[in-house]
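Structure first, commentary second.
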Amino acid sequence: MWDTVKLIALAGIVLLAAIAANYARDVPYMVHAIIIMLVAGGMFLYTIRRVGDPKPEPDLGYMDDVIRAGVIATAFWGVVGFLAGVFIAFQLAFPVLNFEWAQGYMNFGRLRPLHTSAVIFAFGGNALICSSFYIVQRTSAARLWGGNLPWFVFWGYNLFIVLAATGYLLGSTQGKEYAEPEWYVDLWLTIVWVAYLLVFLGTIMRRKEKHIYVANWFLLSFIVTVAMLHIVNNLSIPVSIFGSKSVQVFSGVQDAMTQWWYGHNAVGFFLTAGFLGMMYYFVPKQAERPVFSYKLSIIHFWALIFLYIWAGPHHLHYTALPDWASTLGMVFSVVLWMPSWGGMINGLMTLSGAWDKLRTDPIIRMMVVSIGFYGMSTFEGPMMSIKAVNSLSHYTDWTIGHVHSGALGWNGMITFGALYFLVPRLWNRERLYSLAMVNWHFWLATIGIVLYAASMWVTGIMEGLMWREVDAQGFLVNSFADTVAAKFPMYVVRALGGVLYLAGAIIMCYNLWMTIRKAPAKEAEAPAMAPAE
C-alpha cells in the first residue's frame, strides 16, 4: 500500500515537473524543473524495482548509514566550496580570470554566492546534519525517529544544494545575502527542514536517557531558529508559477532590517549554536574528559539564545534604519561577548588534566585551535559593531577577514576534527590511516587562515583609512581605483592562504578515504545499542 502511494506521488511529481519545464519563463526555472523531473523519475524506477521484495528485518541499532553518507557529502562539498573560494580570490587579484568565453557563468558575481553557499550550507549544513544525527542517538541511546525520514532529510537537503548552486550559475537569485535561492527552492528547503526538526525532536522524545545533554540544546535551538529566520526573511510573491522571479513582501529599510536580522542570526544559530553543539560533544569525547562546567554551559546557552537574536541591526549603522535600532543592536552585540567567551572558556578548560594531548593528538589540537578562533571572532565581532569602529571597518575587507577567520578557523576546524573523530567509528576502524597527515592538514589550514585573515585585516584597515583621507580643501585624496590598486599584494596573499587551506582539505579527504579502505578493522563489533554517551 505504501509503495503504491509513493509511486503515485512520484509519477505526479514527474508529470508536474515536465509541465513546468515546458511552460518555463526563464532558463533557471526550466533547468530546475528538469532536475526535479529526473530525480523523481529515478526514484520512481528505484521504487518500482523494489516492489515485491521481502521486507528486511527492522534494525534496532543506531541508524549510522545516513551519517556515513553525510560525512562523505561534507568532505565533498567542503573541497568544492574551498576550490570555488580560491578561484574567486584569484579573480579579485587577476580580473582576467573572469573568462569572457564562459558567457558570464564563470564570473565573480555568479561564483561568489556559489562559494558562500557551498561552504556555509553544503559543507557546514551537511556537517551539522550528520553530526547532530550521531550526537542525538548516542546521547539519547535511541535510534533516529521516523524510519527512512532521515534519508529524506539528507537527500532532500542535498537536492536543495544542487538547485541553489545551479541557480546561481544561471543567474537566478533574490539578491539577499545568505538567502539567494528563489521562492520554489526556499519552499523545498522549508519542507526538508521541518522533516529534520521532526527527526531530531522524535529521537529526543523516545530517548532512554532521562537527561537531555547540553549539545542537544544547542542543536535544537539551531534547527528551530533557522526555520523561523528562513521563513520570515524569504516571504515573497512569485511573479509567475512558471518562473523563478519573485517580489519580496518587505521593501526598503524594512527589507534591510529583516535581511540582517536573518543574516546575523544565520551566523548566530547556523554557524555558532549548531557548531557549539558539535563542540560540546566532540571535544569531551576526544579529550576523554567531562565538560569543564555544566553550570557554565547552562549560562552560555540561555545567554547566547536570548542575546544573539537582537544583534542584527548593527549591520545597518549610518543607514536609513532609525539610530535607536542600530544602537540597540550594537549594545546587544557588545553584551554578547561575555556568554560567547564563557563558552570558549568552557571548551578550553574541558582539557584540564589532559593538556599533554595537545602534543600527541593533532585532532585535539585542531579542536582547540577552532575554539580559539571562536573566541577571537566573538571578540572581534562585538568590537566591529561599535559605531566608531564600524565607521572605519564597514564595507571594507576587514569584514571579509573577520568572517573568514570565524568560518575557516571556528567552523572549518571543528568540522575537520569531528570528521576525523567520526570516520574510524562509523566504519569500524581501529584508528585513522595516518596521524601525520592530520598534522599536515592542521598546519596547512592554520597557516592558510593566518595568511587569509591577516592580509584582509591589513588591506581592510588601509582601505578604510584611504577612503577617509582628505586634503586641505576637504576633498577626497584617493579614488576607489586607487584603493583597489593598493590592495593587490594582499589579495595575492589571501589567495595563497586559500590554496593552503584547500590543500589541507584534500589531504584530509585522502586520509579519510584510506582510513575506510586500508586502516585495520576492529576485531569485535560494538553492541548494536550502547548506553548513552
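Numbers for residues simply follow the sequence, beginning at 1. Heavy-atom basis, side chains included; hydrogens, waters and symmetry copies ignored. Only a predicted model underlies this, so the values are computations on that prediction, with no experimental measurement involved.
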>> I need the single residue from Asn234, Thr258, Asp255 that forms a side-chain hydrogen bond (donor to acceptor under 3.5 Å, both in side chains) with Lys176. Which is it?
In response: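 Passing option: Asp255.
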Nearest heavy atoms of [X] and [Y], plus distance in Å:
| X | Y | result |
| --- | --- | --- |
| Thr74 | Cys130 | OG1-SG, 4.1 Å |
| Phe94 | Val492 | CZ-CG2, 4.1 Å |
| Gly409 | Ile449 | CA-CD1, 3.6 Å |
| Ser405 | Ser377 | OG-OG, 3.6 Å |
| Leu163 | His32 | O-NE2, 2.8 Å |
| Lys245 | Ser172 | NZ-CA, 4.4 Å |

>> One thing to verify: whether Arg494 and Asp397 come together as a salt bridge, which I'm taking to mean a side-chain N less than 4.0 angstrom from a carboxylate O.
In response: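 Salt bridge between Asp397 and Arg494, a charged N being under 4.0 Å from a carboxylate O: no.
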>> Filter on salt bridge (charged side-chain N to carboxylate O under 4.0 Å, His left out), then keep only pairs touching residues 26-38, sequence neighbours left out; what's left?
In response: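 The answer is none; no pair qualifies.
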>> Strictly by salt bridge (charged side-chain N to carboxylate O under 4.0 Å, His left out), give each pair with a member in residues 68-78 just once, sequence neighbours left out.
In response: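 Passing the test, one end in residues 68-78: Asp65-Arg68.
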With no hydrogens and no angle check, just 3.5 Å: does a side-chain donor-acceptor pair link [X] and [Y]?
| X | Y | value |
| --- | --- | --- |
| Trp183 | Gln248 | no |
| Tyr318 | His394 | no |
| Glu380 | Trp457 | yes |
| Glu182 | Thr173 | no |
| Asn265 | Trp260 | no |
| Tyr184 | Ser246 | no |

Going from [atom1] on [X] to [atom2] on [Y], what distance comes out if it is rounded to the nearest 0.5 angstrom?
| X | Y | atom1 | atom2 | value |
| --- | --- | --- | --- | --- |
| Ile223 | Ile129 | CD1 | CD1 | 8.5 Å |
| Leu83 | His115 | CG | NE2 | 11.0 Å |
| Ile13 | Ile36 | CD1 | CD1 | 9.0 Å |
| Ile88 | Leu111 | CD1 | CG | 7.0 Å |

Hey, can you pull the donor-acceptor pairs under 3.5 Å for the side chains in residues 116-124, sequence neighbours left out?
residue	atom	partner	partner atom	Å
Thr116	OG1	Arg112	O	3.4
Thr116	OG1	Pro113	O	3.0
Ser117	OG	Pro113	O	3.3
Ser117	OG	Tyr168	OH	2.9

Should the pair [X] and [Y] be assigned to parallel (<30°), tilted (30 to 60°) or perpendicular (>60°) ring geometry?
| X | Y | result |
| --- | --- | --- |
| His314 | His317 | tilted |
| Trp341 | Phe379 | tilted |
| Phe82 | Phe416 | perpendicular |

>> For Ser385, run the side chain to side chain contact (heavy atoms under 4.5 Å, CB included) check against His264, His315, Met330 and tell me which one passes.
In response: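 So the option named by the test is Met330.
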> Which pairs with one or both residues in residues 227-251 pass ring pair (Phe, Tyr, Trp, His ring centres under 6.0 Å), sequence neighbours excluded?
Replying inline: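 For residues 227-251: Tyr23-Phe242.
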> Mind checking what makes salt bridge (Lys or Arg N to Asp or Glu O under 4.0 Å) contact with Lys387, not counting sequence neighbours?
Replying inline: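 Lys387 satisfies salt bridge (Lys or Arg N to Asp or Glu O under 4.0 Å) with Asp323 only.
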Aromatic contact between [X] and [Y], with the criterion being ring centroids under 6.0 Å apart: yes or no?
| X | Y | value |
| --- | --- | --- |
| Tyr510 | Trp513 | no |
| Phe269 | Phe222 | no |
| Phe133 | Trp151 | no |
| Phe275 | Tyr374 | no |
| Tyr501 | Tyr452 | no |
| Trp261 | Tyr308 | no |
| Phe90 | Phe87 | no |

> Of the options Tyr157, Trp193, Phe152, which is the one that meets Trp188 in a ring pair (Phe, Tyr, Trp, His ring centres under 6.0 Å)?
Replying inline: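 With Trp188 as partner, ring pair (Phe, Tyr, Trp, His ring centres under 6.0 Å) holds for just one option, Phe152.
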>> List the residues meeting ring pair (Phe, Tyr, Trp, His ring centres under 6.0 Å) with Tyr178, not counting sequence neighbours, and say none if there are none.
In response: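 Result, ring pair (Phe, Tyr, Trp, His ring centres under 6.0 Å) vs Tyr178: none returned.
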